[in-house]
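These notes concern the structure reproduced below.
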There are 2 protein chains.
Amino acid sequence: MSLNHILLGMLREPSTGYELGKEFSEGAQHFWFAELSQIYPTLKRMRDRGWLDTWEEPSERGPKRKVYKTTAEGRAELRTWLRDGPHLGRERLGFIAQTFFLGELESYEESLSIVRKMRAMWEHKLGYLEHVERMVEEDHGDPSHYGGDGLHNHAALRMGIHMLRAKLAWCAETLERLETRLELAEPTPAG
Amino acid sequence: MSLNHILLGMLREPSTGYELGKEFSEGAQHFWFAELSQIYPTLKRMRDRGWLDTWEEPSERGPKRKVYKTTAEGRAELRTWLRDGPHLGRERLGFIAQTFFLGELESYEESLSIVRKMRAMWEHKLGYLEHVERMVEEDHGDPSHYGGDGLHNHAALRMGIHMLRAKLAWCAETLERLETRLELAEPTPAG
DNA sequence: GGACACATGTAACAAGTTACATGATTGG
DNA sequence: CCAATCATGTAACTTGTTACATGTGTCC
């Protein structure tokens with residue numbers, strides 16, 4: 001799976017299961033998500049395989065924290081996964097499937113309403129990613145000067161932004177078609 | 001899950017497990033994929049729930065075929081799923097995660113090679129989808145006249161095309177940055 | 001007779017979700 | 001004392017993958 005490898009990447013800086021869970025609920029959710037109930041046992045298994053170190057630390061507030069960090073062996077595994085070529089094969093894009101079958105509802109109003117909901121969610125996500133991009137640029141300046149991790153982190157962010165803009169362009173195109181269809185079917189009483 | 005609902009949509013026209021598997025390996029793989037070993041037991045469970053009818057037919061070539069078709073109950077379930085709003089939450093985009101951690105390799109050449117592989121795969125997919133779009137237009141004419149299923153099928157196809165173009169735009173942007181970085185690090189001996 | 005496409009499955013395992021259990025500390 | 005946040009987990013279940021088993025009919 002990839003969760004193992006994503007955690008290997010994230011845990012190059014030490015962190016706890018709880019903190020990782022919050023990262024997945026915030027920034028990282030734009031390309032991956034995992035529940036705490038999946039994260040905890042996964043961390044344990046990875047430690048057993050020798051990919052992670054672990055120790056305990058007192059919390060400022062609440063019970064003691066179990067901190068994990070990627071080992072040298074873990075980093076080797078991460079590099080193998082990265083070199084293993086792009087892992088593209090099997091995206092599951094449920095919203096395309098849903099669009100595909102939307103004709104079943106036999107109602108342009110319902111289709112419109114669903115596409116408008118998609119647009120609202122994606123606009124919200126895009127706003128967040130664009131905000132993150134501005135913050136990064138304020139902190140680190142012109143992206144053309146980034147090196148190493150900075151460059152690749154920024155590239156990942158840009159991918160998120162490109163994809164969301166494409167989704168929104170599709171929404172505009174599709175809403176226009178659906179609205180035209182609806183007008184043809186039900187001409188305005190005043191018109 | 002969504003596989004149930006995707007099969008409900010596909011099986012409004014009768015088909016067999018084997019044929020559905022081929023559809024997932026061809027066109028449908030652009031937004032979903034399922035193995036035969038997942039499809040067969042899923043069909044059986046769906047029939048047990050009353051969502052599918054099934055009967056046997058002789059094959060032209062090879063053993064007898066087990067044909068399935070969505071029942072009225074199945075269509076009701078499909079409509080419920082469609083109306084249940086867009087199912088967006090949890091895309092898993094492993095390639096963005098991979099990009100994010102690519103700095104670990106500490107090699108612009110390796111990053112370039114991976115992004116070029118992504119570009120090659122996506123160009124190939126885009127070529128296929130654009131070909132499908134041309135075929136659809138030849139058969140059915142100007143998309144602005146499509147109604148019902150035709151309109152929604154075309155919208156799903158357009159989404160695939162928009163997404164792939166966004167990915168390729170990102171590749172161009174990212175390759176340019178990586179190449180600049182590489183030139184700065186290793187100025188040409190002749191320059 | 002061998003390769004290939006047709007056709008359907010099972011078994012074992014890995015990954016992911018939902019629901020539940022437990023308890024500490026802080027702020028109102 | 002109550003709610004919220006911090007913090008770690010288990011159990012039962014669903015979903016998805018990999019590997020294997022079995023057999024038919026056609027073309028070369």
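Bear in mind the structure is a predicted one, so any value in this text is a computation, not a measurement. Chain identifiers are assigned alphabetically (A, B, ...) following the order of the sequence lines, protein sequences preceding nucleic acid strands; residue numbering begins at 1 within each chain.
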Looking at every heavy atom in both A:Trp81 and A:Ser2, which two are closest together, and how far apart are they? CZ2-OG, 4.0 Å
Give the rounded distance in Å between these two atoms: CD of A:Glu35 and C1' of C:dC20. 14 Å
Parallel, tilted or perpendicular, as decided by the 30° and 60° cut-offs, for the rings of B:Trp170 and B:Trp122: perpendicular
Side-chain heavy atoms of B:Leu151 within contact of A:Tyr108, under 4.5 Å: yes
Find the distance B:Leu43:CG to C:dT8:P and express it as a whole number of Å. 9 Å
How long is the line joining CG of A:Leu7 and P of C:dA15, in whole Å? 12 Å
Please collect all salt bridge (charged side-chain N to carboxylate O under 4.0 Å, His left out) contacts where either partner lies in residues 152-167 of chain A, sequence neighbours excluded, each pair once. A:Glu130-A:Arg165, A:Glu133-A:Arg158, A:Arg158-B:Glu173, A:Lys167-B:Glu91
Nearest-Å distance for atom pair CE/C1', residues A:Met46 and C:dA15: 14 Å
Got A:Tyr18 and A:Tyr40 here, is their nearest side-chain heavy-atom distance under 4.5 Å? yes
Round to a whole Å and report the spacing from CG of B:Leu3 to P of C:dT17. 16 Å
Suppose we screen for ring-ring contact (aromatic ring centres under 6.0 Å, His included). Which residues come up paired with B:Phe101, at least two apart in sequence or across chains? none
What is the distance, rounded to the nearest whole Å, between atom CD1 of B:Ile39 and atom P of D:dT14? 20 Å
Figure out the CZ/C1' separation between A:Arg92 and C:dT17, and round it to whole Å. 15 Å
Find every protein N or O atom lying less than 3.5 Å from an N or O atom of nucleotides 5-10 of chain D, and list the pairs.
from	atom 1	to	atom 2	distance (Å)
D:dC6	OP2	A:Tyr18	OH	3.1
D:dC6	O3'	A:Arg61	O	3.2
D:dA7	OP1	A:Ser59	OG	2.6
D:dT8	OP1	A:Lys66	N	2.6
D:dT8	OP2	A:Tyr18	N	3.1
D:dT8	OP2	A:Tyr40	OH	3.1
D:dG9	OP1	A:Lys66	NZ	2.8

How many whole angstroms separate atom CD1 of A:Ile6 from atom C1' of C:dA15? 13 Å
